[in-house]
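Worksheet: the structure to be examined is printed underneath.
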2 protein chains.
Amino acid sequence: MSQVAGRQQYAAHVALTLRQRNRLSAIHRIMDTAIDLFDQRGYSGVTIEEIAAASGVSPRTFYRYFGTKEGLFTADPYAAVGVDLYTDQLDLDDLPGSLRRVIALIGAPEGEDHTAWRGMRYVMEEPSVRAAVYASLDREADRLTALLRERGAGPAKARVTARAYWFGVYFGSLEQWHLDGRTRPVLDYVDEALTVLTGQA
Amino acid sequence: MSQVAGRQQYAAHVALTLRQRNRLSAIHRIMDTAIDLFDQRGYSGVTIEEIAAASGVSPRTFYRYFGTKEGLFTADPYAAVGVDLYTDQLDLDDLPGSLRRVIALIGAPEGEDHTAWRGMRYVMEEPSVRAAVYASLDREADRLTALLRERGAGPAKARVTARAYWFGVYFGSLEQWHLDGRTRPVLDYVDEALTVLTGQA
DNA sequence: CAGCAAACTGGCAGCAACTGTCAATAAGGC
DNA sequence: GCCTTATTGACAGTTGCTGCCAGTTTGCTG
């Protein structure tokens, strides 16, 4: 989820210490600054040193926050604060519904300039970023596989289902939506994709 | 296909020029040497400079052949010779059968030491290698999506199906097989995974 | 078989991503 | 207001990767 559009403003209702608030605002500032620069000069045309300088932070700190350059797109600011948006929405008996809720929660699809979706272009078009997002999907699929197994699903069923949902339906829907120019609502694409898997029209 | 175990001996029946033969043997030599070194000191414990030196090749040439360090695991030696093993096996009206043929063709699963499967460990366990393999799957899924669309499938159906097959069934099966210690035949896992998608027991 | 164009290789220089270390600084409990 | 502890910045160093050019090998052609 957050790996594709992980820069949100929800969940401000958690009590945060000053350090955490500073950290969080720095993270958001760096993310915005970075995408501004990318929009100007392209992803590979911007160095981390530049991003750090423009954000008023040392390069070393950038790495502490994001780990890698691609981490800008996969880091979930709220994970550091202990908020797990994904698990809250998960219902193992209703994966389609869970997926719809996660997508809906990420942000309103209308509005090309919605800050949450500005990074989508790079996720889809920049190979290294795309690869990093896939690694996130991989981890999520692993988590889901384990949960399904706890519920009694066989290894094959659990693994294939989890991967089909995350890589096929989730990412596939977002990609198709992006390729179509983001005109129709994302949820339409998700619904279409879900019927392919579940088989019912 | 080849991205997971792309170091085979099949297709020696193609007429090759001296340059191509030299290139091919160098590629195989480098791959073998590299995995030997990895087995000794771990993936990140070996530098490309060392691999090149041990293979009797300049580092620059390594990059010309493989592009990246992970390219060792995703490069298909036979693509350079114009052999497309995948397309030959593809039947759009029988994706399950196509997948079984591709897996069967990669190599006999028996024999832990079969040279084709030595790299599997790194594909599964080394994050950067895994990511590179995912990028390969991504490309294959794209190809398959386009082919399915040409056959009249809708965008959602084509995209979700292609991704579910490559990421879910193909990679999922190999992973499960690897996790289980490579005891039962791979094709058993593929069959199990296929029934999850197609729905029939 | 000689000669030539093309492909290939190696070495060098350089950039940028990333990491370990340690001193300096800021935050939060007492 | 102090003292512990987490967080940051600066520095130096390693490694993956690329552009460039000169030297060599290959394989076609007259």
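Letters go in sequence order (proteins before strands), and every chain restarts at 1.
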Item to check | Whole-Å gap separating C1' (C:dA7) and CZ (B:R21) | outcome: 16 Å

Checklist outcome for this item: Residue set satisfying ring pair (Phe, Tyr, Trp, His ring centres under 6.0 Å) with B:Y165, at least two apart, ordered chain then number -> none

Checklist entry - Separation of B:L72 atom CG from D:dG16 atom C1', in whole Å? => result 13 Å

Item to check | Between P of D:dC17 and CD of B:E49, the distance in whole Å | outcome: 13 Å

Checklist entry - Between B:I27 (CD1) and C:dT9 (C1'), how many Å, whole number? => result 14 Å

Checklist entry - CH2 of B:W166 to CZ of A:F167: how many Å apart, nearest 0.5 Å? => result 14.5 Å

Checklist entry - Using a heavy-atom distance cut-off of less than 4.0 Å, which residues of residues 38-48 of chain B contact DNA chain D? => result B:V46, B:T47, B:I48

Checklist entry - Distance from A:R139 atom CZ to A:Y134 atom OH, nearest 0.5 Å? => result 14.5 Å

Checklist entry - Which residue pairs satisfy the side-chain hydrogen bond (donor to acceptor under 3.5 Å, both in side chains) criterion with at least one member in residues 51-63 of chain B, sequence neighbours excluded? => result B:S58-B:T61

Next on the checklist: Show every side-chain hydrogen bond (donor to acceptor under 3.5 Å, both in side chains) that has at least one partner inside residues 145-158 of chain A, sequence neighbours left out.
Outcome noted: A:D93-A:R151

Item to check | Face-on cation placement of A:K69 at A:F62 ring, 6.0 Å and 45° thresholds | outcome: no

Checklist entry - CG/B:L72 to OH/B:Y65 distance, rounded to the nearest 0.5 angstrom? => result 13.0 Å

Checklist entry - So which pairs with a foot in residues 163-179 of chain B pass salt bridge (Lys or Arg N to Asp or Glu O under 4.0 Å), sequence neighbours left out? => result A:R159-B:E175, A:R163-B:E175, A:E175-B:R163, B:R130-B:E175, B:D138-B:R163

Checklist outcome for this item: B:E50 atom CD is separated from D:dT15 atom C1', nearest whole Å, by 11 Å

Checklist entry - Parallel, tilted or perpendicular: which describes the rings of A:F73 and A:Y122, with under 30° parallel and over 60° perpendicular? => result tilted

Item to check | Spacing between B:E70 atom CD and D:dG16 atom P, to the nearest angstrom | outcome: 9 Å

Checklist outcome for this item: B/S/- along nucleotides 4-14 of chain D (protein heavy atoms under 4.0 Å) is -BBSBBB----

Item to check | Atom pair distance, as rounded to whole Å: OH in A:Y63 and P in C:dA16 | outcome: 11 Å

Checklist outcome for this item: Rounded to whole Å, CZ of A:F62 lies from P of C:dC18 at a distance of 8 Å

